[in-house]
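Only a predicted model underlies this, so the values are computations on that prediction, with no experimental measurement involved.
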Amino acid sequence: METFCITATAKSYPKLPYEKIKNDILGKKYRLSVAFVGGTRAQALNQTYRNKSYTPNVLSFPLEVDSGEIFITPTIARKEAKKFDMTPHGYIGFLFVHGCLHLKGHDHGDHMDKLEQKYCKKYGLK
């Protein structure tokens with residue numbers, strides 16, 4: 001059974017060790033789908049599932065205990081990267097880590113921040 005897949009409707013996204021990061025955070029048996037999408041689709045998903053009207057940089061949706069989906073909007077991430085003193089590639093990797101940690105059950109806060117820093121350092125996301 002396949003436990004990881006990437007789809008993209010966005011024009012481009014960085015090639016990073018997504019599956020390795022996923023396995024590290026969520027485990028090898030966790031089934032994860034990652035989609036790199038444009039702003040219109042991301043905003044529609046955010047409106048439909050979260051009743052929020054803005055275009056998000058990342059969305060994560062748990063489907064079952066051992067499966068979930070992450071949607072990343074590269075155009076938004078590229079615009080935001082500089083605010084976080086990161087490259088666009090590094091920031092998209094950070095957003096992937098962020099989404100995985102949410103799927104693992106973590107909420108925003110100091111503990112999640114420390115885990116994000118740990119994985120960004122481990123995978124050279126700058």
Side-chain angles (χ1 to χ4, degrees):
M1 177 193 307
E2 187 177 341
T3 61
F4 184 75
C5 71
I6 294 178
T7 58
T9 57
K11 290 180 183 168
S12 67
Y13 64 92
K15 307 304 181 236
L16 295 168
Y18 298 105
E19 188 167 9
K20 193 172 183 179
I21 296 168
K22 170 259 183 206
N23 289 342
D24 202 7
I25 296 172
L26 296 167
K28 289 185 179 183
K29 292 183 180 180
Y30 192 94
R31 294 183 322 254
L32 180 64
S33 169
V34 180
F36 293 92
V37 298
T40 302
R41 177 140 185 240
Q43 186 175 16
L45 288 166
N46 207 21
Q47 182 66 54
T48 300
Y49 295 103
R50 300 181 64 234
N51 203 27
K52 309 260 183 189
S53 61
Y54 66 90
T55 304
N57 52 23
V58 63
L59 292 168
S60 57
F61 298 104
L63 302 175
E64 295 176 14
V65 173
D66 63 348
S67 67
E69 297 176 312
I70 293 175
F71 294 87
I72 296 174
T73 316
T75 53
I76 299 298
R78 286 186 193 102
K79 290 175 188 172
E80 293 178 349
K82 199 172 265 190
K83 282 193 279 186
F84 296 94
D85 199 29
M86 295 183 85
T87 66
H89 276 53
Y91 188 60
I92 288 171
F94 163 81
L95 293 174
F96 179 73
V97 167
H98 185 84
C100 286
L101 289 171
H102 274 309
L103 291 175
K104 184 79 174 176
H106 296 284
D107 292 323
H108 294 156
D110 290 343
H111 181 65
M112 188 168 173
D113 291 346
K114 286 179 181 147
L115 289 171
E116 288 168 343
Q117 290 170 10
K118 169 189 161 182
Y119 289 112
C120 284
K121 184 175 181 180
K122 181 173 184 177
Y123 291 101
L125 305 172
K126 301 175 183 179

When clusters are formed by joining ILVMFWY residues with side-chain heavy atoms under 4.5 Å apart, either directly or through shared neighbours, do [X] and [Y] land in the same one?
X      : Y      : result
Leu59  : Ile25  : no
Phe61  : Val97  : no
Leu45  : Val58  : no
Leu103 : Leu125 : yes
Ile76  : Leu95  : no

Is there side-chain contact between [X] and [Y], with at least one heavy-atom pair below 4.5 Å?
X     : Y      : result
Asn46 : Thr55  : no
Glu19 : Ile6   : no
Phe96 : Leu32  : yes
Thr7  : Val34  : no
Phe36 : Ile92  : yes
Lys20 : Tyr123 : yes
Val37 : Ile72  : no

Can you establish whether the number of heavy atoms outside Lys11 located under 6.0 Å from its atom NZ is more than 12?
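Counting neighbours around NZ of Lys11, 12 or fewer heavy atoms of other residues, nucleotides or ligands fall under 6.0 Å, so no.
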Can you tell me if OH on Tyr49 sees more than 12 non-hydrogen neighbours from other groups inside 6.0 Å?
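No.
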In terms of side-chain heavy atoms, does Arg78 have a donor or acceptor partner in Ser12 at a distance below 3.5 Å?
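On atom types as modelled, these side chains qualify, holding a pair under 3.5 Å.
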Just do the side chain to side chain contact (heavy atoms under 4.5 Å, CB included) check on Gln43 and Tyr54 with the steps written out, would you?
CA-CA 6 Å; Gln43 186 175 16; Tyr54 66 90; 6.0 Å; no
Report the residues that fulfil salt bridge (Lys or Arg N to Asp or Glu O under 4.0 Å) with Lys122, sequence neighbours left out, ordered by chain and then residue number.
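With sequence neighbours excluded, Lys122 shows a salt bridge (Lys or Arg N to Asp or Glu O under 4.0 Å) to Asp24, given in chain and number order.
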Can the ring centroids of Tyr18 and Phe4 be said to lie less than 6.0 angstrom from one another?
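No, they do not, as the ring centres are separated by 6.0 Å or more.
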Pair Arg31 + Asp66, salt bridge at N-O below 4.0 Å
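Yes, Arg31 and Asp66 are salt-bridged.
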List, one per line, each side-chain donor-acceptor pair under 3.5 Å for residues 108-119, sequence neighbours excluded.
from   : atom 1 : to     : atom 2 : distance (Å)
His108 : NE2    : His98  : NE2    : 3.1
His108 : NE2    : His102 : NE2    : 3.0
Glu116 : OE2    : His98  : ND1    : 2.4

Without swapping roles, check the side chain of [X] against the backbone of [Y] for a donor-acceptor pair under 3.5 Å.
X     : Y     : answer
Ser67 : Leu63 : no
Lys29 : Asn23 : no
Thr73 : Pro56 : yes
Lys79 : Pro74 : no

Between [X] and [Y], what is the shortest heavy-atom contact and its length?
X     : Y      : answer
Tyr13 : Ala8   : CE2-CB, 3.6 Å
Ile70 : Cys100 : CD1-N, 3.6 Å
Pro14 : His89  : CB-CD2, 3.0 Å

Quick one: do Tyr91 and Glu80 satisfy side chain to side chain donor-acceptor pair (under 3.5 Å)? Show the steps, please.
CA-CA 8 Å; Tyr91 188 60; Glu80 293 178 349; 3.0 Å; yes
Quick one: pull up NZ in Lys22 and OG in Ser33 and give me the separation to the nearest 0.5 Å.
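Answer rounded to 0.5 Å: 11.5 Å.
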